[in-house]
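Take a look at the structure set out below.
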Number of protein chains: 2
Amino acid sequence: MNSASNALQTTDDSAETGAQQIRDAIRDAIVERRLSPGTKLSESDVGNLFNVSRTLARAALQALSYEGLVNVEKNRGAFVAYPSPDEARQIFAARRLIEPGILREAAARITPSEIQHLKQLLLEETRLMGERGQTARRAEIKASGDFHLTLAAISGNAIMQRFMDELVARSSLVIALYGQSTVSSCGHSEHGDIVAAMESKDLDRACRLMLHHIAHIEADLDLRERRTQGLKDAFEP
Amino acid sequence: MNSASNALQTTDDSAETGAQQIRDAIRDAIVERRLSPGTKLSESDVGNLFNVSRTLARAALQALSYEGLVNVEKNRGAFVAYPSPDEARQIFAARRLIEPGILREAAARITPSEIQHLKQLLLEETRLMGERGQTARRAEIKASGDFHLTLAAISGNAIMQRFMDELVARSSLVIALYGQSTVSSCGHSEHGDIVAAMESKDLDRACRLMLHHIAHIEADLDLRERRTQGLKDAFEP
DNA sequence: GTGCAAAAAATCGTATACAATTTAGTCGTC
DNA sequence: GACGACTAAATTGTATACGATTTTTTGCAC
């Protein structure tokens with residue numbers, strides 16, 4: 001009865017086999033910053049690493065390039081994306097443009113159980129903020145993104161959800177490159193404030209908080225050209 | 001000096017060879033409605049048609065699946081996307097959500113020469129509206145989409161431009177399936193009104209017109225399940 | 001003639017092989 | 001010793017080949 005069952009999953013049945021799994025594994029590695037921007041992803045290496053042929057490795061890399069997480073250069077290979085400051089600005093401009101709309105749709109459709117789910121995410125987030133260690137920070141980054149992705153899922157629009165998937169993943173790359181503050185990339189209790197505003201049906205306030213939140217993340221960035229990037233451009237323009 | 005040169009084109013140099021060209025060719029055929037929704041795109045057939053191996057055909061089809069223009073079903077093959085009424089609603093919901101924001105950014109950055117370019121597009125559009133024949137109607141559909149895509153290009157955000165690329169292409173599929181009016185799918189002189197509002201710096205009015213315009217397109221659709229779809233589902237569930 | 005089961009054909013999933021391009025290394029010349 | 005051209009290694013681009021899954025056809029029983 002609920003048409004969302006059709007909308008929530010992009011592919012009909014289980015994964016398209018092999019390539020999909022490899023793509024997800026590499027994407028996780030990129031988003032969790034275990035793969036640094038600019039790292040070369042040789043097709044042979046990826047294939048050997050996952051015990052598959054170069055065919056599947058190549059398919060996975062191409063898929064990642066469509067999401068903007070990997071750049072494939074003709075006859076040169078695939079590299080973990082190294083977003084330029086300008087790309088970073090575009091990513092956040094896109095989020096400022098999109099997320100308020102998603103928030104409004106989500107607020108209009110949200111159910112009590114979904115509110116509960118969101119609150120649980122917030123608890124997990126604050127818990128991770130209290131812990132030490134790299135793994136905790138990685139989990140925190142992921143949880144922070146999951147908040148925005150869950151909102152997109154609640155909005156019920158599979159297309160916007162996919163767009164947000166891409167934007168959140170790329171945001172993680174940008175924060176890895178240009179983030180300054182050692183602490184939480186996403187912030188404070190701003191997520192909680194947004195949920196509170198949604199609960200009290202104050203949509204305008206929720207949107208304002210969301211925009212403020214995104215601006216806050218962006219303000220923590222130092223969007224100056226990195227040396228490595230400059231060097232690369234100097235050698236291979 | 002302008003870092004936009006890096007941002008405006010997703011791929012650095014010319015096409016990734018083969019697969020990219022095939023992808024574009026098939027995409028054009030889909031958008032121009034020379035390939036009907038639901039048509040099977042066998043890897044072998046596509047390969048033979050373009051005189052390439054199945055490898056490249058497959059890569060092109062996968063690329064199209066990432067754009068939502070074809071559905072690849074595991075072990076069954078690729079088919080020109082057959083958007084469900086629900087998907088159609090999501091596509092237009094996404095456009096309503098995104099396009100006002102793009103319009104605002106475009107209005108803030110637009111140059112006189114770009115205004116001129118837009119006006120030329122409008123002239124071309126009205127010219128095509130006056131002509132008869134399938135080819136003219138195809139060109140009209142394309143021109144109508146180009147208006148929205150040009151706006152996205154002017155906004156200067158390559159990411160939003162890509163999102164709009166996808167949404168406009170999929171909209172064409174939806175209109176092909178569910179459009180009712182035999183005449184212009186996109187409408188009247190609404191494009192012209194939007195440009196006029198932009199020129200007079202009346203952003204709020206421009207956004208209102210844009211939303212009205214999108215609603216107008218959607219209102220022309222008959223979003224009922226098509227029989228063919230039902231039959232197909234009955235035979236191959 | 002209808003319905004089901006098994007075999008044949010077609011199609012996709014994946015691996016391997018070869019050609020083309022790039023990159024690294026080497027040798028010779030200045 | 002530095003620079004440039006040539007050769008060799010590595011990597012990507014594309015094609016072909018083989019195994020797995022699906023679809024169609026065939027054949028038989030009822």
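Numbered from 1 within each chain, the chains take letters A, B, ... in sequence-line order.
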* For A/Leu41 and D/dT11, what is the distance between atoms CG and C1' respectively, to the nearest whole Å? -> 14 Å

* **Pairwise side-chain contact, A/Met160 with B/Ile98, heavy-atom cut-off 4.5 Å (strictly under)** => yes

* Could you state the atom-to-atom distance from CG of B/Asn51 to C1' of D/dT14 in whole Å? => 14 Å

* Asked: salt bridge (Lys or Arg N to Asp or Glu O under 4.0 Å) between A/Glu32 and A/Arg138: does it pass, once the steps are laid out?
  -> CA-CA 5 Å; A/Glu32 292 178 18; A/Arg138 279 178 190 154; 5.5 Å; no

* Name the residue closer to the 5' end of DNA chain D, choosing between A/Thr55 and A/Ala78 according to the nucleotide with the nearest heavy atom. => A/Ala78

* To do: Identify which nucleotide among C/dA15, D/dA17, D/dG13 has an atom closest to any side-chain atom of B/Arg54, counting heavy atoms from C-beta outward.
  => D/dA17

* **Exercise: identify the closest heavy-atom pair between B/Ser44 and B/Arg54** => OG-CD, 3.6 Å

* Taking only the side-chain nitrogens and oxygens of A/Arg58, find out if one of them lies under 4.0 Å from OP1 or OP2 of D/dG13. => yes

* Between A/Ser53 and B/Lys40, just flag the one whose closest nucleotide in DNA chain C comes earlier from the 5' side. => B/Lys40

* Starting from the 5' end of DNA chain C, give me the residue, A/Asn75 or A/Leu56, whose nearest nucleotide shows up first. => A/Leu56

* Spacing of A/Glu73 atom CD relative to D/dG13 atom C1', expressed in whole Å -> 16 Å

* Taking OP1 and OP2 of D/dT12, is either one under 4.0 Å from a side-chain nitrogen or oxygen of A/Arg76? -> no

* To do: Look at the aromatic rings of B/His213 and B/His191 and report parallel, tilted or perpendicular, splitting at 30° and 60°.
  => perpendicular

* Asked: Rounded to whole angstrom units, what separation is found between the NZ atom of A/Lys74 and the P atom of C/dT23?
  -> 13 Å

* Euclidean distance, atom CZ of residue A/Phe79 to atom P of D/dT11 [Å, nearest integer] -> 11 Å

* Can you tell me the distance, in whole Å, between the CZ atom of A/Phe50 and the P atom of C/dT14? => 14 Å

* Asked: Please give, in whole Å, the distance from D/dT12 C1' to A/Glu43 CD?
  -> 6 Å

* Base, sugar-phosphate, or nothing for A/Ser42, non-hydrogen atoms under 4.0 angstrom? -> sugar-phosphate

